[in-house]
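A short write-up of the structure that comes next.
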Amino acid sequence: MKKQHSVKVIAVTGGKGGVGKTNVSVNLSIALGEMGRRTVLMDADLGLANVDVMLGLRPKKNISDVLSGECRLTDVMLDVTDNVKIVPACSGTQEMTSLSAHEHAELVYAFNEVAEDIDVLVIDTAAGISESVVSFVRAAQEVLVVVCDEPTSITDAYALIKLLNRDYRMTRFRVLANMVDTDVEGRNMFNKLSTVTDRFLDVTLQYVGSIPYDEHVRKSVRRQIPVLKAFSKCKAAISYRQLAKKVDDWPVQDAPRGHLEFFVERLVQGV
């Protein structure tokens, strides 16, 4: 049987809002694109879209149009840079924040039509631990938990990991420290989190590094241009490229895990 193209799926999450996960999602996607990886970034904050705003884009169609059957997924995808496209969400639509299990499944399955054309799918989840967040995190192969130096960030990241471990038996998470003054600070944040998870949960955390606090990030957000493009040689941009290299080395899952997953049909076929 001919081996089909495999897709790496990464959910970027964090528990609370304000940890900078959308910045991480956007710039990680662009850094992967710079490496030649065909990358799609999905805005999974379905009722409060912000990826398109951060990129200065004005989509005419979004995920809600795909779910309603008005168009296909490829019709809503927008080019960001070479090798990078986004799937925009919608804003101010209550219905999109409480999709049924069937609607979530439809959305996940919709990505099958673009599987041959992408290498990496990055999912920028909403804040919190809603059913929607959990559904998208479980459907991914890799979970990248973003934390920052605030007590509530560590607490909320722990709450998310606890929920996923206790209720869904998820055991492996990767952790990124964002907006740190030094990598030592980032490592200390990780240690705070892992100390608690080691004591109370059956999980494995891996520290994947840190993104430094950089005023250029704030400036780029105001300009609605990703920091990798607006200030390509700043500290944060360099760190995002280092993160992308690590992500690129992560192995691609090659077997189904028994629940709803992106591109699971390709795994079931034993490719």
Side-chain angles (χ1 to χ4, degrees), residues 8-29 31-32 44-45 50 122-214 217-218 235-236 238-251 253 257:
K8 187 175 296 182
V9 186
I10 305 159
V12 180
T13 190
K16 78 182 292 290
V19 298
K21 62 178 180 50
T22 298
N23 253 317
V24 170
S25 299
V26 168
N27 287 287
L28 171 60
S29 297
L32 288 165
D45 193 344
N50 51 19
V122 177
I123 307 163
D124 181 39
T125 72
I129 54 175
S130 68
E131 192 171 327
S132 174
V133 171
V134 170
S135 294
F136 284 122
V137 169
R138 292 185 70 219
Q141 299 167 9
E142 300 283 354
V143 184
L144 182 62
V145 181
V146 181
V147 295
C148 66
D149 192 20
E150 295 178 11
T152 51
S153 172
I154 302 298
T155 302
D156 290 359
Y158 174 77
L160 175 63
I161 292 170
K162 177 182 177 181
L163 172 68
L164 294 167
N165 177 238
R166 181 193 62 199
D167 294 353
Y168 302 103
R169 300 293 185 265
M170 294 182 65
T171 59
R172 189 169 58 86
F173 303 87
R174 303 186 191 265
V175 179
L176 175 73
N178 194 27
M179 299 180 287
V180 301
D181 290 327
T182 65
D183 191 59
V184 171
E185 180 184 314
R187 175 67 72 170
N188 288 340
M189 272 191 264
F190 171 77
N191 289 339
K192 287 179 186 176
L193 181 58
S194 62
T195 296
V196 184
T197 57
D198 287 348
R199 182 175 178 185
F200 297 108
L201 304 177
D202 179 24
V203 300
T204 300
L205 303 188
Q206 180 186 358
Y207 182 61
V208 298
S210 63
I211 306 296
Y213 178 82
D214 189 334
V217 174
R218 188 186 301 274
K235 292 186 300 181
I238 292 169
S239 293
Y240 278 123
R241 292 188 178 97
Q242 292 171 343
L243 173 64
K245 289 177 182 177
K246 293 178 182 177
V247 169
D248 193 53
D249 286 337
W250 294 350
Q253 176 186 315
R257 290 168 292 167

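Everything numeric in this text was worked out from a predicted model, so none of it was measured. Note that these values count all heavy atoms, side chains included, but never hydrogens, waters or copies made by symmetry.
Atom OG1 of Thr155 and atom CD of Glu150 lie 10.5 Å apart (nearest 0.5 Å). Met179 CE to Glu185 CD: the interatomic distance, rounded to the nearest 0.5 Å, is 10.5 Å. Rounding to the nearest 0.5 Å places CG of Leu32 at 11.5 Å from CZ of Arg241. Here the straight-line distance linking atom CD1 of Ile161 with atom CG of Asp156 works out to 11.0 Å at 0.5 Å rounding. The CZ atom of Phe190 sits 11.5 Å away from atom CG of Asn188, with the distance rounded to the nearest 0.5 Å. Considering CG of Leu160 and OG of Ser130, their distance stands at 10.0 Å, rounded to 0.5 Å.
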- Ile10 and Ile123: side chain to side chain contact (heavy atoms under 4.5 Å, CB included), yes or no, with the steps? CA-CA 6 Å; Ile10 305 159; Ile123 307 163; over 6 Å; no
- Task: Determine, step by step, whether Leu176 and Leu243 satisfy the side chain to side chain contact (heavy atoms under 4.5 Å, CB included) criterion, reporting the C-alpha distance in whole Å, the side-chain angles of both residues, the deciding distance to 0.1 Å, and the verdict.
- Result: CA-CA 9 Å; Leu176 175 73; Leu243 173 64; 3.9 Å; yes
- Message: side chain to side chain contact (heavy atoms under 4.5 Å, CB included), that's the test. Do Leu144 and Thr13 meet it? Break it down for me.
- Response: CA-CA 6 Å; Leu144 182 62; Thr13 190; over 6 Å; no
- Message: Under the criterion side chain to side chain contact (heavy atoms under 4.5 Å, CB included), I'd like the reasoning laid out for Leu193 against Ile154: C-alpha separation, chi angles, the key distance, then a yes or no.
- Response: CA-CA 6 Å; Leu193 181 58; Ile154 302 298; 4.3 Å; yes
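Taking 4.5 Å as the limit, some side-chain heavy atom of Tyr240 sits within range of a side-chain heavy atom of Val24. Side chains of Arg174 and Val143 form no contact here, defined as non-hydrogen atoms less than 4.5 Å apart. Under the 4.5 Å side-chain criterion, counting only non-hydrogen atoms from C-beta, Arg199 is not in contact with Val196. Looking at Leu201 and Arg166, their side chains never come closer than 4.5 Å, going by heavy atoms from C-beta outward. Proximity of Asn165 to Thr171: side-chain heavy atoms (C-beta onward) are separated by under 4.5 Å at one or more points. Residues Val175 and Gln206 fail the side-chain proximity criterion, which asks for heavy atoms closer than 4.5 Å. Leu163 is listed as a side-chain neighbour of Val134, based on a closest heavy-atom distance under 4.5 Å. Between Tyr207 and Asn191, the closest side-chain pair of non-hydrogen atoms is not below 4.5 Å.
The aromatic rings of Phe200 and Tyr158 sit perpendicular, their planes meeting at an angle over 60°, well past the 30° parallel limit.
Summarising the local packing, CD of Glu131 is surrounded by 12 or fewer heavy atoms from other residues, nucleotides or ligands at distances under 6.0 Å.
When each of Lys246, Arg172, Lys8 is checked for a salt bridge (charged side-chain N to carboxylate O under 4.0 Å, His left out) with Glu142, only Arg172 meets the rule. The side chain to side chain contact (heavy atoms under 4.5 Å, CB included) with Lys21 is formed by just one residue from the set Asn178, Thr125, Leu28; it is Thr125.
A donor-acceptor pair under 3.5 Å links the side-chain atoms of Ser153 to the main chain of Cys148, judged by distance alone.
If you check the side chains of Asp149 and Tyr213, you find no donor sitting under 3.5 Å from an acceptor.
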